[in-house]
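Residue numbers begin at 1 in each chain, while the letters A, B, ... track the order of the sequences.
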Amino acid sequence: MAEQVFRILRHRNPGMENIAELDEYIKHGGFETFKKVVTTMTQKEVIDTVKAAGLRGRGGAGFPTGLKWGFLTPNKYPRYVVANTDESEPGTFKDREILTGNPFQFLEGLMIASFAAEANVAYNYCRGEFWELVQIMDEKVAQLEERGLLGDNLFGTDYSLRVYNHLGAGAYICGEESALLNSLEGKLGQPRIKPPFPADTGLYDMPTIVNNTETLANVPLIMEHGADWYKEEGTEKSAGTKIMCISGHAKNPGNYEVPLGTTLRELLYDIAGGIADDKDLKAILPSGASAPMIPATDKVLDTELTYEAMRDIGTELGSASIILMDETVNMAWAAAKATAFFKHESCGKCTPCREGTFWMNSIMKRVEAGKASMDDVNTLYDVAGNIQGKCLCALGEFSINPVRSSIDLFKADYQERVA
Amino acid sequence: MLTEKYPDEVNKILAKYPEDRKRSAIMPLLYLALRDNDHITNDVIRDIAAITGSSETQVEGVVGFYTLYHDEKGGKHYIQICTDLPCALRGADQFAEQAKDYLGCGFEETTADGKITLEHVMCLAACDKAPMFQLQNGKGIFYHENQDIESFKALVDELRSEADA
Amino acid sequence: MADLVTLKIDDQEVSVPAGTLIVDAAKAIQNDIPVFCYHPKMDPVGMCRMCLVEVGTPRKDRETGEVIAEADGSPKIFYFPKLVTACTQPVSPGMAVKTNTKVVDDARKEVLEFLLTSHPLDCPICDKGGECPLQNLTMRHGPGNSRFLADEKKHLAKHVPLGDLIYLDRERCIQCARCVRFQEELVDDAVIGFKQRGRALQIVTLSEPGFDSKWSGNTTDICPVGALTTADFRFGARPWELQHSSSLCTECAVGCNTHLNTRRDGLSGDFVVKRVMPRQNEFVNEVWICDKGRFSHHFSTSPDRITVPMIRKNGKLQESSWDEALNLVADRVKDAQGSVSVIAGEVLANEDMRVLQQLANNAGGEAVAWPGVMGGAEQLAAVGAGVGTNFIDMGAGTAIVVIASDLDEEAPMWWMRVKQAADKMGATLDKSKATLIVANGRKTKLDRYANHSIRYAYGDEVNTMLALHHAANGDGAGLAADLAASDDETIKAAGQAISDAENVIVIYGREGLDYAGSSSLAQAAANMLIDGGNYGKPNNGLLGVLPKGNTGGAFALGIPAMADRAAAEVVGDAKVVIVAGADPVGDNDALPSGRFTVVSELFMTATAEMADVVLPAQSFVEREGSFTNSERRVQRFFPALPAKGQARPDWWAFGKIANAAGAMDKAPVAAGQIMQMLSKTAGAFSGIDYPALARVEEQWPDVGGEDKYYGGNAFKNTAGLGVQYATSAEQGVVPSKGDVAPLNSETGSLRAVATTLMYNRGTKIMKAQLLHPRLPEAHVEINANDAEKLGIADGDKVRVSVGDASAVVAANVNGKAPEGAVLVPQSLGTDVTFNGLKAATVVKA
Ligand SMILES: Cc1cc2nc3c(=O)[nH]c(=O)nc-3n(C[C@H](O)[C@H](O)[C@H](O)COP(=O)(O)O)c2cc1C
Ligand code: SF4
Ligand code: FES
């Protein structure tokens with residue numbers, strides 16, 4: 001039977017309650033890997049190991065991490081590494097728990113990534129609401145500086161590294177990496193056109209790696225135990241473990257770390273304890289508000305939680321923010337919530353998203369108020385289609401997923417609401 | 001003036017970013033300014049523009065884009081309840097209504113005593129601990145999770161009874 | 001030159017330089033891909049999404065490395081799954097672009113529909129109506145009816161003043177960011193920006209005063225809707241009612257090409273200028289003009305204009321007929337044989353100057369150019385910037401030296417273009433940056449982009465140039481021994497950059513310098529250019545920041561300058577004094593009394609007040625003629641308005657006078673005739689006649705098409721790009737170095753430096769009410785240490801005295817003036833008028 005693992009949430013050992021304390025982390029071998037990497041390895045060796053481990057980005061897109069690191073434009077310095085702790089997708093709350101429960105493993109990962117990128121400065125961009133947490137993170141970083149784990153000439157080598165935490169201030173779009181970089185530069189958090197990609201023109205127009213917090217927290221383990229060990233968990237294309245955020249109508253909502261490839265059914269019923277009040281599950285939003293919703297059919301429940309299998313059933317694993325909705329939920333209502341979210345978070349830079357999310361939201365409001373007709377719902381579907389494929393960044397493209405999937409799957413829920 | 005009031009903090013913030021990229025310090029400096037200002041005034045903007053070598057308009061743009069910088073006068077405390085989908089599935093909308101009734105003001109409004117501004121917000125990454133809200137004031141931003149109306153009332157009463165600083 | 005890349009757009013083959021964007025490649029074959037946010041002078045941002053097209057590329061087989069082919073052998077094109085923004089995608093070899101498919105057409109319709117959901121559709125009352133990209137594109141691609149509920153539209157403020165000059169209509173804004181990007185990238189005044197996000201995104205300004213930039217008007221040209229309008233033109237006229245004519249800006253010596261729109265005024269019934277627009281000339285002003293050029297046109301129709309000839313009778317100037325006035329002057333000139341002095345303003349057209357020069361010469365006198373404060377005419381004629389010089393082309397390998405000038409204030413367009421060469425923020429294929437060396441006694445706005453900022457003590461301009469020359473190639477001629485041995489790192493590094501550069505341009509000004517000083521500086525710079533072989537070819541040589549709109553014309557005609565002489569000295573014992581386009585008396589430079597004085601002017605200047613005969617001159621807006629800019633480019637202007645009253649061109653009046661006085665065989669009957677004559681003589685104007693000046697060739701980017709969406713509302717140049725006359729070096733005369741005279745400036749514990757501000761109290765600006773809020777009060781800039789010694793605080797009133805003149809003005813103590821120097825901006829309405837560097841006293845008033 002599938003069960004939880006605690007590689008990321010609690011470092012090597014589930015029982016380690018105090019692993020968030022530096023002494024405890026070090027006692028269990030913490031930063032040995034960083035030291036080993038800095039003193040004995042080349043940048044290329046680190047990147048090759050991460051590549052071989054098959055680690056994929058945990059921020060949503062699932063892009064192979066080692067590959068991304070290898071894209072850095074040669075001979076262009078300084079370089080930067082930026083940790084993406086913007087965590088704002090509805091239903092995602094894993095990075096916050098990593099920072100609270102196991103901050104040093106994440107920092108060690110960020111530091112190894114910086115070494116691999118030949119970066120001497122790394123930023124940890126956290127969403128502004130994590131203000132309290134970041135006060136603590138500042139202390140953790142200061143402790144590392146005191147211990148000589150961050151600073152100049154680390155371990156007597158010529159490698160120097162500083163890490164800084166930087167707070168956003170309330171904008172979902174800043175999770176999009178190029179918007180994040182603009183934000184970090186003190187600008188409005190609007191995305192940039194790509195190409196050029198951050199690996200060439202990133203922070204301050206310099207080569208930059210942006211990785212999700214959870215992605216980085218995997219790195220010390222890979223470097224400690226090797227690629228083969230890492231691949232023992234997970235599937236061929238989706239290696240390792242993944243933190244699944246379960247919210248909504250779950251009996252025990254929370255973060256569950258499981259090997260990729262665990263089925264939805266195993267996760268929801270065996271591990272997370274099923275649905276609240278033992279009601280019937282109606283639909284799932286497997287990646288927050290951003291991916292199409294899926295109906296709670298047997299086929300869906302038996303799908304493995306991997307990047308590829310979720311795509312096969314028409315949705316995304318994304319950041320694995322699994323929102324459960326039971327039989328009492330009207331999906332038009334759920335889609336209306338998601339639409340309001342995107343309308344609120346659209347950065348306003350590109351036309352289809354700026355105008356389209358506003359338009360969808362105003363129709364949705366009418367649906368919710370019982371003042372819409374089925375014609376309006378058809379227009380809604382059409383407007384969503386017109387946004388599709390035209391946006392500058394993925395936010396606009398995400399915004400249509402809950403709308404279109406809910407109309408496709410649960411038209412009756414709309415019929416119930418219209419005038 | 002931030003440089004006079006918090007010289008060490010300003011220098012510490014500036015030291016995080018490259019010499020010629022002071023604009024990056026706008027956001028942390030705005031947080032610093034919020035310690036003593038319940039909203040961002042034009043004086044603050046001028047100050048930060050001067051420190052970071054940006055134009056006032058650039059600082060203003062940042063203030064306007066991000067929801068945690070308030071540019072109009074609100075309450076001393078902001079209570080921002082997450083009513084986004086995951087929280088709403090766990091009763092956040094009802095909780096928010098009760099909260100509103102207890103405060104006696106509407107959403108995006110400030111209580112009559114000027115103490116508390118109530119707002120709806122989008123997902124705060126605490127969906128498993130709904131209902132929840134954050135409290136923002138001069139001291140910082142603090143999460144209050146697994147809330148019910150009783151715990152909410154207790155907090156509000158405490159805030160209300162605070163002597164005006 | 002970048003390699004050419006060949007691609008197909010709608011099956012039409014086109015070859016463009018590598019790196020060209022699809023939208024520009026399409027424009028090159030007249031395929032107008034609709035755009036809103038893209039502007040060919042700015043880096044693309046891909047935000048409006050209007051330019052979506054289908055794009056495909058050939059692909060190579062992974063195994064064989066061969067291009068995958070169709071059955072017929074042609075390369076198989078693999079289309080991208082999503083539409084691509086043509087404004088962000090560079091071309092690649094073999095690329096195929098489709099702009100005329102249903103998918104593309106639908107995408108355009110859909111994006112337009114989105115834009116229109118927010119738009120107020122108030123075209124009937126919009127200033128942009130008739131020349132609006134949104135309107136035009138809606139006609140072409142727009143949906144027939146609106147599915148968006150009107151009552152869900154946003155209602156926003158419609159008349160938001162962004163400062164005194166520009167108004168914003170928030171409802172009409174389509175958030176394309178062209179204005180914001182123009183201000184940030186091209187002119188580095190980030191004084192407008194976006195606030196909020198999503199659909200609430202709005203343009204705001206927080207500068208003091210609002211929209212505090214010398215370039216604000218350009219944003220109204222490139223705004224693709226009627227969201228930004230000028231306070232000047234707002235509700236002034238509909239574009240289709242306007243008359244068009246080509247003109248030039250005379251506010252500084254850059255000579256920006258303009259387009260005048262005129263119309264009969266509703267109230268007075270007179271024809272008036274409704275607006276001044278940029279006219280494309282990629283050599284001069286590209287598609288931009290500064291706000292002074294745009295808004296200072298009101299002088300031409302001012303009611304204060306002199307409209308009739310006047311003769312002093314019984315001590316008073318009284319109206320007369322032209323015949324009477326001309327005969328009287330001609331008689332006096334004849335009588336005064338050998339004793340006629342002409343003071344010709346450097347604002348007169350080439351044709352006027354030529355006639356005055358001939359009149360003076362043949363009447364046995366001399367014509368002198370006024371104010372004639374800038375030297376270097378010979379050096380510019382010999383090693384001036386080569387024909388074809390263009391700041392746009394300057395990148396890696398070019399060093400630009402700017403010395404003794406505050407370009408931002410003195411020649412704004414050069415500031416912008418030099419900044420662009422050094423900064424490359426705009427959309428150019430060659431992103432390599434020129435090396436910029438800025439040398440001045442103080443920091444100027446251009447220093448922001450300088451690779452080497454040299455700060456000298458005022459008075460050390462020439463020495464600095466000599467030291468640079470020395471550092472660049474070891475020549476120490478004229479350099480004091482201690483300076484030659486100087487190891488000033490900045491100068492050394494700058495010298496090295498100059499010697500490393502393939503092309504070198506030196507721009508010299510006259511801040512802190514009188515005529516003799518600027519002449520020396522020009523010579524010192526010329527010597528360096530000659531030693532480095534940097535002359536006689538494009539993007540090499542000397543440029544002077546000439547003080548007036550047609551100082552270049554005086555240089556070209558060889559009219560000697562006032563050259564630090566008092567007017568009385570120049571006039572000597574001449575019996576007849578002719579003053580045209582000049583106001584020495586107004587500048588406290590008295591004319592001797594008791595002479596028969598003739599003044600030709602637009603307004604009753606102080607000099608005109610004391611004249612015996614006053615002739616009403618036509619402004620350049622009412623006539624034709626030509627000016628010569630600082631780059632030796634001779635350019636034509638054309639009549640736009642009927643003459644004001646009986647005003648006549650100077651060349652006409654003085655041609656008649658010269659003829660009647662026997663100083664000219666025939667009075668010219670047309671301005672072109674004078675240029676025709678000049679074109680046949682040796683000299684600067686040789687071969688330059690009106691048809692040559694009116695010649696145009698295709699320019700890139702292609703603006704001014706009917707669409708209006710590509711380049712904004714800048715006008716296409718159909719009236720001529722002008723002709724840059726060749727330097728003697730280019731005509732085969734080997735230039736030789738000259739001796740550099742040492743500077744001779746007054747000493748003192750405090751020295752006043754005459755500086756120039758763009759917004760000063762010149763006659764023309766004073767007639768433009770709109771600009772008055774931008775005019776600074778009379779002030780001086782003083783260093784904090786000096787201020788402390790003198791007990792002066794920022795903002796205090798002080799009495800500043802230079803020579804005999806003194807005035808009470810405000811003291812600015814804000815870090816602009818170096819120690820020991822008092823910066824005294826000229827033309828701010830005080831009597832403290834001087835050139836160069838003079839001993840000064842400042843006391844608290
Ligand atoms: C609208 C939007 C929001 C995003 N939010 C986040 C986020 O909160 N956290 C995150 O790590 N990645 C987020 N991403 C993905 C990032 O752009 C980027 O792909 C990721 O940080 C890369 O890291 P990874 O490769 O480690 O996943 C977001 C993307 C989009 C388009
Ligand atoms: S899709 Fe467009 S408007 Fe939406 S967030 Fe991305 S860039 Fe901004
Ligand atoms: S997106 Fe290409 S012109 Fe706006």
Side-chain angles (χ1 to χ4, degrees), chain A residues 78 87-96 121 123 127-133 135 162 164-172 174 183-190 204 245-250 252-255 276 285 288-289 321 323-326 329 333-334 337-338 340-341 344-345 347, chain B residues 12-13 15-18 20-31 34 48 52-54 58-70 80 82-90 92-93 119-130 132 134-136 139-143 145:
Chain A
E87 187 156 68
S88 307
E89 180 69 45
T92 318
F93 41 86
K94 63 190 177 67
D95 298 337
R96 179 167 164 247
V121 174
Y123 293 97
R127 65 179 294 178
E129 293 83 350
F130 290 174
W131 186 92
E132 210 178 347
L133 183 51
Q135 308 306 306
R162 307 262 162 195
Y164 301 109
N165 297 301
H166 181 103
L167 269 180
Y172 166 68
C174 291
S183 177
L184 190 45
E185 290 180 8
K187 302 172 183 163
L188 274 63
Q190 295 183 320
Y204 309 130
C245 312
I246 299 189
S247 67
H249 290 143
N252 305 309
N255 282 315
L285 278 162
S321 30
I323 306 174
L324 306 179
M325 293 175 284
D326 71 17
V329 178
W333 169 84
K337 279 274 182 196
F341 173 80
H344 187 260
E345 299 301 338
C347 80
Chain B
K12 219 168 141 191
I13 288 171
K16 290 164 120 182
Y17 312 98
D20 56 341
R21 303 290 185 169
K22 290 205 186 101
R23 198 169 164 185
S24 282
I26 292 177
M27 292 180 71
L29 289 171
L30 283 168
Y31 277 114
L34 281 176
I48 293 178
T52 58
S54 324
Q58 286 169 327
V59 180
E60 168 90 344
V62 171
V63 173
F65 189 85
Y66 300 95
T67 54
L68 291 176
Y69 304 131
H70 311 286
Q80 301 172 317
C82 175
T83 51
D84 211 347
L85 178 60
C87 277
L89 289 168
R90 298 180 64 81
D93 282 328
E119 291 183 341
H120 277 129
V121 289
M122 296 302 172
C123 182
L124 293 178
C127 325
D128 52 338
K129 305 193 178 68
M132 65 81 59
Q134 66 182 2
L135 174 69
Q136 185 186 11
K139 297 201 189 87
I141 301 170
F142 308 91
Y143 274 26
E145 298 170 305

Side chain / backbone / both / neither for [X] at chain B, heavy atoms under 4.5 Å:
X	result
C245(A)	neither
A289(A)	neither
K94(A)	neither
L324(A)	backbone
A334(A)	both
S321(A)	neither
L167(A)	both

Could you check which of [options] has the highest count of heavy-atom pairs closer than 4.5 Å to chain A?
options	answer
P18(B), C87(B), A130(B)	P18(B)
R90(B), R21(B), M27(B)	R21(B)
L89(B), V121(B), V62(B), L124(B)	L89(B)
G61(B), G64(B), P86(B)	P86(B)

Sorted by chain and number, sequence neighbours left out, side chain to side chain contact (heavy atoms under 4.5 Å, CB included) with E132(A) holds for F142(B)

Sequence neighbours left out, what passes side chain to side chain contact (heavy atoms under 4.5 Å, CB included) with A125(B)? Give chain and number order. E87(A), F93(A), R127(A), F130(A)

Mind running side chain to side chain donor-acceptor pair (under 3.5 Å) on E129(A) and Q134(B) for me, showing each step along the way? CA-CA 8 Å; E129(A) 293 83 350; Q134(B) 66 182 2; 4.6 Å; no

Test item: [X] and [Y] side chains (from C-beta on) under 4.5 Å apart, heavy atoms:
X	Y	result
Y123(A)	L184(A)	yes
R23(B)	Q58(B)	yes
Y66(B)	S183(A)	yes
H70(B)	E119(B)	yes

Main chain of [Y], side chain of [X]: is a donor-acceptor contact present, judged purely on distance under 3.5 Å?
X	Y	answer
D84(B)	M122(B)	no
H249(A)	D326(A)	yes
Y69(B)	Y31(B)	no

Is [X] close to chain A through its backbone or its side chain, or both, or neither, when contacts mean heavy atoms under 4.5 Å?
X	answer
T83(B)	both
L68(B)	both
K139(B)	backbone
A15(B)	backbone

Let's test your reading of the structure: which of [options] forms the most heavy-atom pairs below 4.5 Å with chain B?
options	result
K337(A), H344(A), E89(A)	K337(A)
A250(A), G186(A), G254(A), A169(A)	A169(A)
A171(A), C174(A), P90(A), S88(A)	P90(A)

Would Y17(B) and Y164(A) count as a close aromatic pair, with their ring centres under 6.0 Å? no

